[in-house]
Protein chains: 2
Amino acid sequence: MATDRDSVLLAAVGVLSRQPTAAMDEIARAAGISRATLHRLFPGRDALVREVAGLAMRRMAAALDAAAIEDGDPVEAVRRLADAIVPRATEAAFLTGESRLFDDSELWAAWEQIDARVAALFLRGQQSGAFRVELPAAWLSEAFLDLLAGVGWAVQEGRLAPRAGTSALTELFLGGALRRDQ
Amino acid sequence: MATDRDSVLLAAVGVLSRQPTAAMDEIARAAGISRATLHRLFPGRDALVREVAGLAMRRMAAALDAAAIEDGDPVEAVRRLADAIVPRATEAAFLTGESRLFDDSELWAAWEQIDARVAALFLRGQQSGAFRVELPAAWLSEAFLDLLAGVGWAVQEGRLAPRAGTSALTELFLGGALRRDQ
DNA sequence: ATCCCATGAGACGTCCGTGTCGCACCTGCG
DNA sequence: CGCAGGTGCGACACGGACGTCTCATGGGAT
């Protein structure tokens, strides 16, 4: 069943987000299967990594959908987005570390679409007056996704409690490091 | 003279920050020397990468020194830090992408010291009431360095103008995405 | 002009990861 | 009980990158 492939892909995300150069051997062990079976499921390493990337993109896009980032108050939309996407921080860390994947035009387009949707949210917020206009929406989007990847790394290395990820991302990104009431 | 080694190391930072798996061949070409000379200068790939990391750490630490982050008003210290360290964003991007280097205890300690100094700055700012206390100083430090790496990537890919890096980092990190005056 | 020496070019062996195959096992089913 | 399908294990060949070596070249110093 397809669950097999997906569970292998999820295990691979975990390994590859930490070690982008991990060998098929390590990925197979992390997935609890043998190297032979891994090759039976996927034609080769490239195909595996590209499928991992595809799944990661779909899961991130699904988080954008679930958060309905195109609707309602932009600030609330960002909060919903953070809630929905922090559980996908590992995927973001993987994609950030596997930047050479973006030679593939299909994957590049998928990433571009995610980035564009997030940027559109920030642009909408700038037009509504909620977000600062000094910072380009494209940079806000990139910074948000970079911080998301940072959350993924920090959680994996145990430097950040998983439950703390959402507030760490939301509070820093929206409010910054400065106290506002002084 | 030592300048040779350093100029090669700087060229290597540029390549490896984009392509952490770049071959000796590509690094040599980027440095304008042959693969043979590259091997004459450095015992091997591991040694080269570790020296690149060492130089990157020293340059980042020098930026902390130059900004005198241990002195004066914490907010001003962060602004000085951003000014001084954005020119080292490529190094930060390299170190972020080469996380497996941190198995080496010496490099790990050097990174830990940089991280600790930045975290101490934020802790100092929290104690003085300038920075928000809801966000752990360790996370502020990590997020700051993640955003710095993000600036490095964005500049290299041409998505962010080099001169815009400092304000992009400072404004987002200190003030967040929200407008403060409404 | 001569010598020295660093460099570039190319060839070579080695290692590691990949991809494929054959075989044994085991589990579920008829 | 026998069988079929899936899985693990080990062996193999292949390829690419690494590391080393030799040799020719060219620029600089004496």
Side-chain angles (χ1 to χ4, degrees), chain A residues 1-56 93-104 106-107, chain B residues 1-56 93-104 106-107:
Chain A
M1 40 186 172
T3 313
D4 280 333
R5 293 175 60 88
D6 281 8
S7 70
V8 170
L9 290 175
L10 290 182
V13 171
V15 177
L16 291 172
S17 63
R18 283 188 294 271
Q19 291 268 344
T21 64
M24 295 292 271
D25 198 4
E26 314 174 53
I27 299 172
R29 245 180 296 128
I33 62 178
S34 72
R35 201 166 64 94
T37 302
L38 185 56
H39 271 97
R40 288 187 188 105
L41 287 173
F42 304 95
R45 189 186 204 281
D46 274 8
L48 168 63
V49 174
R50 267 190 283 108
E51 281 210 49
V52 172
L55 179 65
F94 160 77
L95 291 170
T96 301
E98 211 81 13
S99 51
R100 65 171 167 167
L101 276 178
F102 295 173
D103 293 351
D104 182 297
E106 192 176 344
L107 291 174
Chain B
M1 41 185 169
T3 311
D4 279 334
R5 293 175 58 87
D6 281 8
S7 70
V8 171
L9 290 175
L10 290 182
V13 171
V15 177
L16 291 172
S17 62
R18 282 188 294 271
Q19 289 270 342
T21 65
M24 294 293 272
D25 200 3
E26 313 174 54
I27 299 172
R29 244 179 297 128
I33 62 178
S34 71
R35 202 166 65 93
T37 303
L38 185 58
H39 272 96
R40 288 187 188 102
L41 288 173
F42 304 96
R45 196 197 144 82
D46 273 9
L48 167 64
V49 175
R50 268 191 282 108
E51 281 209 49
V52 173
L55 179 65
F94 160 77
L95 290 170
T96 301
E98 210 81 13
S99 52
R100 63 171 169 166
L101 277 177
F102 297 174
D103 293 350
D104 183 299
E106 192 175 344
L107 291 175

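Throughout, protein chains are lettered first and strands after them, A, B, ... in sequence-line order, and every chain is numbered starting at 1.
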Please report, rounded to the nearest Å, how far the [atom2] atom of [N] is from the [atom1] atom of [X].
X: F42(B); N: dT20(D); atom1: CZ; atom2: C1'; answer: 18 Å
X: R29(B); N: dA17(D); atom1: CZ; atom2: P; answer: 11 Å
X: L41(B); N: dT7(C); atom1: CG; atom2: P; answer: 7 Å
X: R5(A); N: dT7(D); atom1: CZ; atom2: P; answer: 12 Å
X: D25(A); N: dG19(C); atom1: CG; atom2: P; answer: 13 Å
X: H39(A); N: dG10(D); atom1: NE2; atom2: C1'; answer: 15 Å
X: E26(A); N: dG17(C); atom1: CD; atom2: P; answer: 8 Å
X: D46(B); N: dG19(D); atom1: CG; atom2: C1'; answer: 12 Å

By nearest atom, which of the nucleotides dG19(D), dT22(D), dG17(C) is closest to the A23(A) side chain?
dG17(C)
Using the side-chain heavy atoms of R40(B), tell me which of these nucleotides is nearest: dG19(C), dA9(C), dC9(D).
dA9(C)
Just so I know, are the side chains of [X] and [Y] near enough to count as touching, which here means a heavy-atom distance under 4.5 Å?
X: L41(A); Y: I33(A); result: yes
X: F94(A); Y: V49(A); result: yes
X: R29(A); Y: V15(A); result: no

Classify the side chain of R35(A) versus the base of dG19(C) as yes if they form a donor-acceptor pair under 3.5 Å and no if they do not.
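In this structure, the two groups form a donor-acceptor pair.
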Between dG8(C) and T37(B), is there an OP1 or OP2 to side-chain N/O distance shorter than 4.0 Å?
yes
Tell me whether R5(A) is salt-bridged to E51(A), with the criterion being a basic N under 4.0 Å from an acidic carboxylate O.
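Yes.
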Please compare R45(A) and L38(B) by the position of their nearest nucleotide in DNA chain C and report the one closer to 5'.
L38(B)
